[in-house]
Engineer: 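Take a look at this one; I'll ask things after.
Source: prediction; values computed, not measured. Below, read A as the first sequence line, B as the second, and so on, with proteins coming before strands; counting in each chain starts at 1.
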Amino acid sequence: MLTVHAVSRRYGNDLALEGIDLSFENGVYGLLAPNGAGKTTLLKMLAGLLPPSEGEISYEGKSIAALDEKYRMQLGYLPQRFGYYPSDTPLKYMQYLAAIKGMGRKEALERSELLLEAVALGEVKRKKMKTFSGGMIQRVGIAQALLNDPRVLILDEPTGGLDPKERARFRSLLTKLGRERIVILSTHVVSDVESVANEIVLLKNGRVFAKDKPEDICAMLAGKVYETKVPDTEAEAFRKNYPILAERGEADGWQMRFVSEGEKTLPHWEPMKPGLEDVFLYVYRDRERQTAEQRLFPREPVGVGEGGRLR
Amino acid sequence: MKNNRETQLRSGERPAFDDIDYPDERDIRLHVASIVDEALPVRPSFSSQVGAMYRQLGFRHLFRDLTEIVFVLALGLGVLVFMALFVLSNADTEGIYAFIFIVSPLLYLAVSVIFFADLRRRDTYQVEMSCRYNVYQLASLRMLTFAAVSLVLNIGFVCWIAIASQQVDILRGVLLSVSSLFLFAAAFLYGQLRGRTAASRYGLVGLWPLLNVGLWIAQPHGYLGLLSSIPVYAYAALILLGAAVYVGQARRLLYFKPKLT
């Protein structure tokens with residue numbers, strides 16, 4: 001078990017994270033928060049790269065700082081910005097990382113080849129990485145994190161640069177990995193974790209806002225999410241009165257998905273089953289930004305083209 | 001089976017042994033290792049740790065790639081040629097001793113500065129820091145290897161000078177070279193580990209030649225006389241002191257934990 005106890009992290013006078021208490025057992029955990037909410041800081045601390053300003057992180061009952069090398073032997077880590085040597089081939093880079101992860105030469109070669117096949121890079125394993133796309137580099141990053149068959153796998157925004165097919169493949173891989181290890185991944189893309197995470201951790205204002213199963217997180221908005229058609233003339237007032245989760249411009253007005261916390265509902269409001277994305281948008285809604293956006297881009301009636309884009 | 005067991009535990013019923021999943025081999029090994037570590041904590045010695053790292057990584061991974069090896073070799077060759085040209089054009093024995101003392105750490109310095117300057121700016125830093133042998137442990141091994149290689153090259157060079165010039169005492173030349181290398185290397189690593197600013201980390205790099213050349217120019221008789229008159233046993237003591245401090249700093253590097261990553 002990986003345990004975070006009363007952990008805070010300061011950068012000078014700025015408090016990035018405060019009073020974080022979490023525990024992780026085998027399974028997939030999605031760390032969900034907007035950019036700049038402290039996800040990367042928390043993951044760096046979990047990976048032992050950054051010491052907490054206060055509190056302690058322990059693995060199997062021992063401080064990871066004290067475990068040091070022994071903890072790193074159990075760890076697979078993909079940083080948000082995965083660095084590589086452009087003139088290396090993925091196979092060479094994987095073998096180098098395998099060596100500094102403490103693996104023998106034969107095992108390193110076998111496992112590197114196997115993992116590169118698993119992330120669909122087998123055919124280009126001897127090509128220099130400087131010719132690779134962002135998605136290919138990211139797949140090398142995912143493969144290297146699995147080199148030492150880690151018990152704790154920490155992935156910071158692992159799906160950046162992956163196309164939809166690769167994302168689907170990655171989700172399937174995560175499900176398999178989570179059966180016998182702790183997998184913690186951070187993302188601001190809800191669909192990355194919605195179907196695969198055993199638990200979701202929401203961070204807000206440097207604290208844990210919620211940690212629960214996806215369905216329980218969604219239950220936070222049970223009975224509060226609706227959809228309705230709003231005429232153009234009433235749209236602005238509606239936006240001011242209700243947190244909007246999604247809206248789509250149509251010929252005769254706006255199709256709005258919104259949250260109503262009050263008891264009063266109208267007959268033409270259609271109750272909807274809340275999804276994780278609804279919760280995410282609701283928890284992290286930014287009223288000031290929305291108001292400024294409305295002033296900058298006053299919404300005209302749109303007949304075509306907006307096609308369900310979230311605002 | 002797990003759900004069944006949880007239900008039993010909640011109801012206070014004792015699970016039968018048959019219901020308990022048997023751990024796999026890896027879990028068994030991890031738990032045994034954890035129990036042994038808890039009962040008999042042993043921190044491996046510096047030499048065994050370095051030895052294990054060298055056996056694991058070998059010479060192959062001490063340098064990043066062929067470019068780095070070629071660069072180091074070219075640099076080494078350049079330094080040796082420069083030293084050779086100076087010695088061949090200088091007939092003054094005391095001057096040669098001073099030259100040996102000043103330039104002996106040059107090769108070590110060049111290779112080490114390049115390595116450390118690049119260390120935290122590399123994109124790969126975070127990935128390498130999360131590995132069993134992290135960046136600083138690799139640095140420790142590298143520094144020891146660089147020092148050993150520099151030592152051998154310097155001794156070889158001093159022997160060549162002694163044979164070529166016929167006026168340099170091999171023992172004194174070697175002791176001067178080795179003491180200078182260790183004193184500089186120890187101070188360099190100390191600066192790297194303790195220095196908070198780039199100036200304090202790299203100040204010594206410029207200070208060493210500046211101070212020595214400055215003294216040589218300002219007080220030629222005093223400086224050259226001092227280097228030539230220090231007894232051999234005093235150099236031996238300096239070497240021991242420098243080596244002890246250097247190994248101590250390399251050891252610190254092995255367990256070094258940066259405050260910010």
Engineer: Rounded to the nearest 0.5 Å, what separates atom CD in E128(B) from atom CG in L49(A)?
Structural biologist: 11.5 Å

Engineer: Would you say the side chain of V127(B) lies within less than 4.5 Å of the side chain of Q144(A), judging by non-hydrogen atoms?
Structural biologist: yes

Engineer: What distance separates Y96(A) OH from T124(B) OG1, expressed to the nearest 0.5 Å?
Structural biologist: 6.5 Å

Engineer: So, taking the atom named OH in Y133(B) and the one named CG in L97(A), what distance separates them when rounded to the nearest 0.5 Å?
Structural biologist: 14.5 Å

Engineer: With only heavy atoms counted, which part of N148(A) is less than 4.5 Å from chain B, the side chain, the backbone, both or neither?
Structural biologist: backbone

Engineer: Among residues 135-143 of chain A, which ones touch chain B with a heavy-atom distance under 4.5 Å?
Structural biologist: none

Engineer: Quick one: which residues of residues 71-84 of chain A reach chain B at under 4.5 angstrom, heavy atoms only?
Structural biologist: R72(A), M73(A), Q74(A), L75(A), Y77(A), P79(A), R81(A), F82(A), G83(A), Y84(A)

Engineer: Apply side-chain contact (heavy atoms from CB on, under 4.5 Å) to E69(A) and Q137(B), showing your working.
Structural biologist: CA-CA 10 Å; E69(A) 189 181 311; Q137(B) 288 171 313; 3.3 Å; yes

Engineer: I'd like to know if the side chain of Q56(B) reaches the main chain of A99(A), judged simply by a donor and an acceptor atom lying under 3.5 Å from each other, with no hydrogens or angles considered.
Structural biologist: yes

